[in-house]
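To find a chain, count down the sequence lines: A is the first, B the second, and so on, and within it residues start at 1. Remember, it's a predicted structure, so these values are computed and weren't measured experimentally. Just the heavy atoms: all of them, side chains too, but no hydrogens, waters or symmetry mates, feed the values below.
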Amino acid sequence: MFKLSHEPLDPTALKAALANPQAGACVTFEGWVRNHNEGQAVRALEYEAHGSLAEKEGAKILEEARQRFSLVAASCVHRVGTLALGDMAIWIGVTAEHRDAAFAACRYLIDEAKARVPIWKKEHYAGGSSAWINCARREV
Amino acid sequence: MAKAAEMIKSIQVLYFAILREQRGLSRESLATAVGTVGELYDELRGKHGFTLGGEHLRAAINDEFMPWNAPLKSGDVVTFIPPVAGG
């Protein structure tokens, strides 16, 4: 499943939900809020999503991963709202019988999620300015 | 029968991220005579001065991604999707 969360992500609980004796491999990915981007000191991040479309596109990407790779299960949660440095923005967990499929599917999921799911990131910089990433506009 | 392009349609537009800020609204209902979703963006960009050109956007109609030249019909909910940046 693909979900959006307004609350902090709990990787322990998310991983526990994937527990399955059929799985011999579990690969997880955590995306964290970094304190800098392109030379600027980042103070906080804001994520905004088109909720219904994001969950639909996210579910589609998970389905694609299940078709491409031999998986037991896969899930992805993306945080929305204001995040502090070090907070987890995205969690992806993939289980499979063997590690190759789990690694490949996890990579596929994060790459596709970043490229396709309608979620936007605004960086707030130490100097007080902010910018919507990939939208080529800085504002004070 | 009037040609589709000449008919006035009632459309709801949803705005997110940079477009929401530049429009100052999350959603609006409007009437338009344009035929396609891309033409609607051009019309709105002319009115509101959006900085992003249509070539940088994707469009969704009623929660489905649609091509830029997809036709509009009355009652459609249109979303213009600025470049995404999740993860």
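Aromatic ring centres of B:Phe50 and B:Tyr41 lie closer together than 6.0 Å. The six-membered or imidazole ring of A:Phe29 lies away from that of A:Trp91, with a centre-to-centre distance of 6.0 Å or more.
Ion pairing between B:Lys73 and B:Asp76 holds under the 4.0 Å rule for side-chain N and carboxylate O. A:Lys60 has no carboxylate O lying under 4.0 Å from a charged side-chain N of A:Glu63, or vice versa, which leaves the two without a salt bridge.
Of all residues in residues 53-63 of chain B, those placing a non-hydrogen atom less than 4.5 angstrom from a non-hydrogen atom of chain A are B:Arg58, B:Ala60, B:Asp63.
Contact count against chain B (heavy-atom pairs under 4.5 Å) is highest for A:Glu48 among A:Glu46, A:Arg79, A:His78, A:Glu48. Of the listed residues A:Ser52, A:Ala115, A:Ala113, the one with more heavy-atom pairs under 4.5 angstrom with chain B than any other is A:Ser52. Contact count against chain B (heavy-atom pairs under 4.5 Å) is highest for A:His50 among A:Met88, A:Lys121, A:His50, A:Glu57.
Taken from CG in B:Leu19 to SG in A:Cys135, the straight-line distance is 7.5 Å, to the nearest 0.5 Å.
In this structure, the portion of A:Ile90 lying under 4.5 Å from any heavy atom of chain B is its side chain and not its backbone. Proximity to chain B is limited to the side chain of A:Lys56, based on heavy atoms less than 4.5 angstrom apart. Proximity to chain B (any heavy atom under 4.5 Å) is shown, for A:Ala54, by neither the backbone nor the side chain.
Residues A:Glu123 and A:Ser130 have side chains that never bring a donor and an acceptor to within less than 3.5 angstrom of each other. With hydrogens and angles left out, the side-chain atoms of A:Glu64 and A:Tyr108 include a donor and acceptor closer than 3.5 Å. Counting only N and O atoms by type, the side chains of A:Glu97 and A:Ser70 include no donor and acceptor under 3.5 Å apart. Between the side chains of B:Glu28 and B:Tyr15, a donor-acceptor pair is found at a separation under 3.5 Å.
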